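Quick caveat, the model's predicted, so the values are computed rather than measured. As the structure lists them, so they are numbered: ligands from 1, and atoms in each ligand from 1.
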Amino acid sequence: ATLDHTTYLRKCLGLAEKSPPRPTNFRVGALLLSRSDTDPTFSDDRILSTGYTMELAGNTHAEQCCFSNFASVHKVPEEDVGFVLPVEPGRKLIMYVTMEPCGKRLSGNAPCAQRIVKTKEGGLAGIHKVYFGVKEPETFVGESVGCRMLSDAGIEWEHVPGLEREILQVATAGHEDSEKEVREALEKMGKGAEGD
Ligand SMILES: Nc1nc(=O)c(N)c(NC[C@H](O)[C@H](O)[C@H](O)COP(=O)(O)O)[nH]1
Ligand SMILES: [Zn+2]
């Protein structure tokens, strides 16, 4: 089977399905890997960590848990994850997340885009690029700013189309009117009822 961006986003969707449904956040799955610069088939990818919303204690996000899981294996606190991420010539750190990393959280906790940017602190290579399956709907924080925060820090990002409906259905499963929210988010993307 060929490995592509959608393969990895489906893996993240499987992670997101493990997240306990809540009305106050989205169920998201995240994956961190190291990829060779000269490997178009992704056959030499090394998966470094995964995470999903609320996997770890407290009000935790998928990307936060992904970093936290990697940090704990290397015996450092999550905020120091940048210092233990592998830096290897000819390889880049890539993240896949079902939803655009958040740029603002109603709880006030550090948003995921900020945590991703932080991996470049102190001149470290950090995360090179983030692939996600859907932009964050406006449900909680209105127009999403995660992507702009990544761009401002020189981190590339890319929306991989095709799984929007499934990702949104999983993300909003704990919400009051998930179907309505999914329909509205898809319409906003111009993927009306007929689009998939
Ligand atoms: N990228 C991302 N990964 C997640 O795991 C998750 N739950 C969100 N959700 C974004 C949404 O904007 C926030 O969940 C709300 O703003 C509420 O904020 P808290 O989650 O309580 O901090 N976004
Ligand atoms: Zn987040």
- Any idea which protein heavy atom is nearest atom 14 (O) of ligand 1, and the distance to it? N25 CB, 3.2 Å
- Message: Under a 4.0 Å threshold between the charged nitrogen and the carboxylate oxygen, would K180 count as salt-bridged to E184?
- Response: yes
- Less than 3.5 Å between some nitrogen or oxygen of N109 and one of ligand 1, yes or no? no
- Message: Please verify the inter-ring angle class for Y96 with Y131; under 30° counts as parallel, over 60° as perpendicular, anything in between as tilted.
- Response: parallel
- Task: Please could you name the atoms of ligand 1 that F140 approaches to less than 4.0 Å, counting only its heavy atoms?
- Result: 11 (C), 12 (O), 15 (C), 16 (O)
- Among R22, M99, H61, the residue with a heavy atom nearest to atom 8 (C) of ligand 1 is H61
- Would one find an N or O of V28, backbone or side chain, under 3.5 Å from an N or O of ligand 1? no
- Task: Select one of side chain, backbone, both or neither to describe which atoms of F26 lie under 4.0 Å from any atom of ligand 1, heavy atoms only.
- Result: both
- Message: Checking side chain to side chain contact (heavy atoms under 4.5 Å, CB included) between C102 and each of Q114, Q64, E63, E136, which is the one that passes?
- Response: E136
- Partner of R91 under side-chain hydrogen bond (donor to acceptor under 3.5 Å, both in side chains), picked from D44, D39, D45, T38, is D44
- For K135, what residues pass the salt bridge (Lys or Arg N to Asp or Glu O under 4.0 Å) criterion, not counting sequence neighbours? E100
- Task: Kindly indicate whether the side chain of P137, heavy atoms from C-beta on, has any atom under 4.5 Å from the side chain of V182.
- Result: no
- Query: Is there any salt bridge (charged side-chain N to carboxylate O under 4.0 Å, His left out) pair reaching into residues 106-125, and which pairs are they, with sequence neighbours excluded?
  - Reply: E78-R115, K118-E121
- Message: Does only the side chain of S107 get under 4.0 Å from ligand 1, or the backbone, or both, or neither? Count heavy atoms.
- Response: both
- Note on the structure: Note: N59, heavy atoms under 4.0 Å from ligand 1, region reported as side chain
- Note on the structure: Protein N/O/S atoms closer than 2.8 Å to the Zn ion (ligand 2), ordered by chain and number, come to H61 ND1, C102 SG, C112 SG
- Taking the side chain from E164 and the backbone from G162, do they hold a donor-acceptor pair closer than 3.5 Å? yes
- Task: Below 4.0 angstrom from a heavy atom of R105, which ligand 1 atoms are there? Numbered from 1 as shown, please.
- Result: 16 (O), 18 (O), 19 (P), 22 (O)
- Query: Under 4.0 Å from ligand 1, counting heavy atoms only, is it the side chain of L106, its backbone, both or neither?
  - Reply: both
- Hey, is E100 touching ligand 1 through its side chain, its backbone, both or neither, going by heavy atoms under 4.0 Å? backbone
- Query: Ignoring hydrogens and geometry, is there a side-chain-to-backbone donor-acceptor pair from T98 to G29 under 3.5 Å?
  - Reply: yes
- Protein heavy-atom partner closest to atom 5 (O) of ligand 1 - residue, atom, separation in Å: T53 OG1, 2.7 Å
- Task: Show which residues join L15 in its hydrophobic cluster (side-chain heavy-atom contacts under 4.5 Å, direct or indirect), or state none.
- Result: Y52
- Item | E63-ligand 1 polar pair, N/O distance under 3.5 Å | yes
- Query: Which atoms of ligand 1 have any heavy atom of P101 under 4.0 Å away?
  - Reply: 1 (N)
- Query: Is there a donor-acceptor pair under 3.5 Å between the side chain of R105 and the backbone N or O of P111?
  - Reply: no
- Heavy atom under 4.0 Å from ligand 1: found in T24's side chain, backbone, both, or neither? backbone
- Query: Does R46 use its side chain to pair, donor to acceptor, with the backbone of S34 at less than 3.5 Å?
  - Reply: no
- Message: Starting from atom 12 (O) of ligand 1, what is the nearest protein heavy atom, named by residue and atom, and what distance separates them?
- Response: E136 OE2, 2.5 Å
- Aromatic rings H175 and F140: how do their planes relate, parallel, tilted or perpendicular, breaks at 30° and 60°? perpendicular
- Task: Inspect the contact between K129 and E158 and indicate whether a charged nitrogen and a carboxylate oxygen are less than 4.0 angstrom apart.
- Result: yes
- Task: Report, in ascending order of atom number, the atoms of ligand 1 lying under 4.0 Å from any heavy atom of V141.
- Result: 16 (O)
